[in-house]
Amino acid sequence: MAEGYKIPRGTFDILPSESYKWNYVMATFRRIAESYGYHQITTPIFEQSDLFERSVGDATDIIQKEMYRFQDRKGRSLALRPEGTAPVVRSFVENNLLYEKKGNRLYYMGPMFRYDRPQKGRYRQFYQYGVENFGSDHPYIDAEVIALGYSFLKELGLTDFSLEINSIGTAKSSEVHNAALSAYFEPHLEELCADCRTRLNKNPKRLLDCKVPSCRAIAGNAPSMLAYLDEESAAHFARVQEYLTLMEIPFTINPTIVRGLDYYSKTAFEYINNNLGSQNALAGGGRYDTLVEQLGGKATTGIGFAGGFERLILSMEQENLSFGEVPHPRIFLVSLGDEAEKTAIKLLTDLHNAGISAAFDVDKTTLNAQMKAAGKSDTDFTGIMGDDEIKSGKISLKNMRSGEQILIPINELITFLKKN
RNA sequence: GUGGCUGUAGCUCAGUUGGUUAGAGUGCAAGAUUGUGGAUCUUGAUGUCGUGGGUUCAAGUCCCAUCAGCCACCCCA
């Protein structure tokens, strides 16, 4: 480390002692997604930059200041993906997945990149899981996608979160609402905070959940999003709620949920954990009925959500939840003397070939040191071999949890370990 | 991108108004224990005091810059 290299800002290593947590949540997500009939899709971590500019929205912070953009040697403008939906839609269109058996229920996991100021729960390279469902605009599908996310969080044991849903209507009704908001806030321009003044032009809906008290007071009487829903969106939203109720999924309606990406329409939802500090969104998503067509595909509706693994693990740690079994060897071999060491190494090879995790510490020679190493490894069993055992072809097997010790023939060890 | 707090051993942290060889707990290693781990005891190793500059006879301590983490804003996963 003479050079003192340091990890880039906002990134982190997943160290060996933490990896099992990541594997656990990833495996759980995969299991839940597959139980809902979803199939995994993996897309590159970089794409043409205009894929994101056109879908996420030119004016959004994600595109304006957070995207890692670069040129390759041929001058192509590429970007490290800041989110997962656009690439999946790109692949869906490019590969005509609409016509594939496994094409319209997709899930993905992988790193995303956003040049943000790092904070707990917010990183420049972060890992997301998500699902996308194409081809049906039935409100049941909305409820099912929401249910998938809900089941996942529940399956992990999380309880400190809430599901908030909203409908942002169609692009048309949203425009009308924006106009109404502008008309409403315009006269109050002087009283608004600096952020809200820029929001007024960029995205008036954002004024609705400003945290500044003076803005809040004004926003209190502002025209609500729900009041401006077109008939179809309103009916759709009502039915989504009916299905969620039928599925016994608790939710609250939060008319200030906006979502930061341009492509959303109708249903929008977030899973919020209020103990996480200011980065409190566990996952979020919504319907995007025009995105596929916008990206050059046949008009196809879609809905999906994405969540961050970092915040998930943080929440689980806060709630003291289990990440499954901590990896440890099944058996640790201890040998005394040269003959025994040879036997141990042969046995170790057999164990590895049988797919049993087995450990051995050649550097430690005394029994005591080896036993200590065995204890530290958190092994289930320790197999001890000395002169006595070698002569009789047996191994002393100590159960490290109970302390019990038995003597069994070496050639029965693998069978024994598979059974116990 | 804005404002604030912090940075000393692998980890958690102490370090008095600037003063000589920078400490503790934990973890790590060895031994007590050359056929039995987890408890206890003994001993031991480990620090560019985030980095770079400055002030000073003297800087972990003061000043400036820089990097990083955290908190709030912003944004969002």
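A, B, ... follow the sequence lines: proteins, then strands. Residue 1 opens every chain.
One can find a donor-acceptor pair under 3.5 Å joining the base of C74(B) and the side-chain atoms of R122(A).
Rounded to the nearest 0.5 Å, atoms CZ (R206(A)) and CG (L200(A)) are 14.0 Å apart. The CZ atom of R69(A) sits 6.0 Å away from atom OG of S77(A), with the distance rounded to the nearest 0.5 Å. Here the straight-line distance linking atom CG of L397(A) with atom CD1 of I408(A) works out to 5.0 Å at 0.5 Å rounding. Interatomic distance, E66(A) CD to R114(A) CZ, rounded to the nearest 0.5 Å: 6.0 Å. Separating the NZ atom in K65(A) from the CG atom in D61(A) is a distance of 4.0 Å, to the nearest 0.5 Å.
Between the P atom of G38(B) and the CE atom of M371(A) lies a distance of 9 Å, rounded to the nearest Å. Nucleotide A77(B) holds its C1' atom 14 Å from the CD atom of E132(A), rounded to whole Å. To the nearest angstrom, C1' of A77(B) lies 17 Å from CE of M67(A). Rounded to whole angstrom, the span from the NZ atom of K120(A) across to the C1' atom of A77(B) amounts to 16 Å. Spacing between atom CG of L15(A) and atom C1' of C11(B) amounts to 13 Å, rounded to whole angstrom units. Atom CD1 of I384(A) is separated from atom P of G35(B) by 12 Å (rounded to the nearest Å). Separating the CG atom of L314(A) from the P atom of A77(B) is a distance of 17 Å, rounded to the nearest angstrom. Atom P of nucleotide A77(B) and atom CD of E83(A) are separated by 8 Å, given to the nearest angstrom.
Salt bridge status for E47(A) with R90(A): present, with a side-chain N to carboxylate O gap under 4.0 Å. Using a 4.0 Å cut-off between a side-chain N of Lys or Arg and a carboxylate O of Asp or Glu, R197(A) and E190(A) do not qualify as a salt bridge. Between E310(A) and K120(A) there is no salt bridge, since no side-chain N of the basic residue sits under 4.0 Å from a carboxylate O of the acidic one. Using a 4.0 Å cut-off between a side-chain N of Lys or Arg and a carboxylate O of Asp or Glu, R287(A) and D289(A) qualify as a salt bridge.
Between R199(A) and C75(B) there is a side-chain polar atom (N or O) within less than 4.0 angstrom of OP1 or OP2. For Q370(A) and G37(B), the shortest distance from a side-chain N or O to OP1 or OP2 is not below 4.0 Å. In terms of phosphate contacts, R124(A) brings no side-chain nitrogen or oxygen within less than 4.0 Å of OP1 or OP2 of A68(B). At A72(B), one or more side-chain N or O atoms of S278(A) fall inside 4.0 Å of OP1 or OP2 (strictly under the cut-off).
Only the C1' atoms considered, C11(B) is 22 Å distant from C67(B), to the nearest whole Å. If you take atom C1' in U6(B) and the same atom in C75(B), they sit 24 Å apart, rounded to whole Å. Rounded to whole Å, the C1' atom of G60(B) lies 7 Å from the corresponding atom of U8(B). G69(B) and U36(B) have their C1' atoms separated by 45 Å, given to the nearest Å. Comparing the P positions of G50(B) and U43(B) gives an interatomic distance of 31 Å, to the nearest angstrom.
The ring of F332(A) has its center no closer than 6.0 angstrom to the ring center of F360(A). No close placement of the W22(A) and F323(A) rings is indicated, their centers lying 6.0 Å or farther apart. Ring-centre distance between Y271(A) and Y150(A): not below the 6.0 Å cut-off. Under the 6.0 Å cut-off for aromatic ring centres, Y129(A) and F309(A) qualify, their centroids lying closer than that.
Every residue meeting the ring pair (Phe, Tyr, Trp, His ring centres under 6.0 Å) condition with H188(A), not counting sequence neighbours, appears here in chain and number order: Y184(A).
Contacts between residues 332-350 of chain A and RNA chain B, defined by a heavy-atom separation under 4.0 Å, are absent. Proximity of residues 388-420 of chain A to RNA chain B (heavy atom under 4.0 angstrom from any strand atom) is restricted to D388(A), E389(A), S396(A), K398(A), M400(A), G403(A), Q405(A). Only R206(A), K211(A), listed by number, bring a heavy atom of residues 202-215 of chain A to less than 4.0 angstrom from any atom of RNA chain B. Contacts between residues 35-66 of chain A and RNA chain B, defined by a heavy-atom separation under 4.0 Å, are made by D61(A), E66(A).
Nucleic acid contact for A374(A): none, since no nucleic acid atom lies under 4.0 Å from a heavy atom of the residue. Y123(A) comes within 4.0 angstrom of a base, heavy atoms only. The residue G285(A) sits apart from the nucleic acid: no heavy atom pair falls under 4.0 Å. R259(A) comes within 4.0 angstrom of sugar-phosphate atoms only, judged by non-hydrogen atoms across all strands, and of no base. Across all strands shown, L282(A) has heavy atoms under 4.0 Å from sugar-phosphate atoms exclusively, and none from any base.
Here F126(A) packs flat against the base of A77(B); its ring centre is closer than 5.5 angstrom to the base's six-membered ring, tilted by less than 30 degrees.
Taking a pair as Watson-Crick or G-U wobble with both distances under 3.5 Å, the runs of three or more consecutive pairs in RNA chain B are B:1-7 with B:67-73, B:10-13 with B:23-26, B:28-32 with B:40-44, B:50-54 with B:62-66.
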Strictly under 4.0 angstrom, non-hydrogen atoms only: write out the protein contact profile of nucleotides 3-9 of chain B, one letter per nucleotide from the 5' end, B, S or -.
BB-----

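The salt bridge (charged side-chain N to carboxylate O under 4.0 Å, His left out) contacts involving residues 373-386 of chain A comprise R330(A)-D380(A), D378(A)-R401(A), D380(A)-R401(A), where partners must be two or more places apart or lie in separate chains. Applying the side chain to side chain donor-acceptor pair (under 3.5 Å) rule to pairs touching residues 344-359 of chain A yields nothing, sequence neighbours excluded. Sorted by first then second residue, the salt bridge (charged side-chain N to carboxylate O under 4.0 Å, His left out) pairs that include residues 15-38 of chain A, not counting sequence neighbours, are E18(A)-K21(A), K21(A)-E317(A), R31(A)-E155(A).
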Expected list for residues 207-223 of chain A: side-chain donor-acceptor pairs under 3.5 angstrom, two or more places apart:
none

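Side-chain atoms of R311(A) lie closest to C76(B) of the nucleotides G1(B), C71(B), C76(B).
Under a 3.5 Å cut-off, the side chain of E83(A) and the backbone N or O of A86(A) do form a donor-acceptor pair.
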Expected rows: protein N/O vs nucleotides 29-31 of chain B N/O, under 3.5 Å:
from   : atom 1 : to      : atom 2 : distance (Å)
A29(B) : OP1    : K376(A) : NZ     : 3.2
A29(B) : OP2    : K376(A) : NZ     : 2.6

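Residue K154(A) places its NZ atom among more than 12 non-hydrogen atoms of other residues, nucleotides or ligands, all under 6.0 Å distant.
A cation-pi arrangement is not found for R81(A) relative to F113(A), the charged atom failing to lie both closer than 6.0 Å to the ring centre and inside a 45° cone about the ring normal.
T85(A) and E132(A) share a donor-acceptor pair across their side chains, judged by distance under 3.5 Å alone.
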Report the C-alpha distance between S167(A) and T267(A) in whole Å, list the side-chain angles of each, state the deciding distance to 0.1 Å, and finish with yes or no for side chain to side chain donor-acceptor pair (under 3.5 Å).
CA-CA 4 Å; S167(A) 176; T267(A) 311; 5.6 Å; no

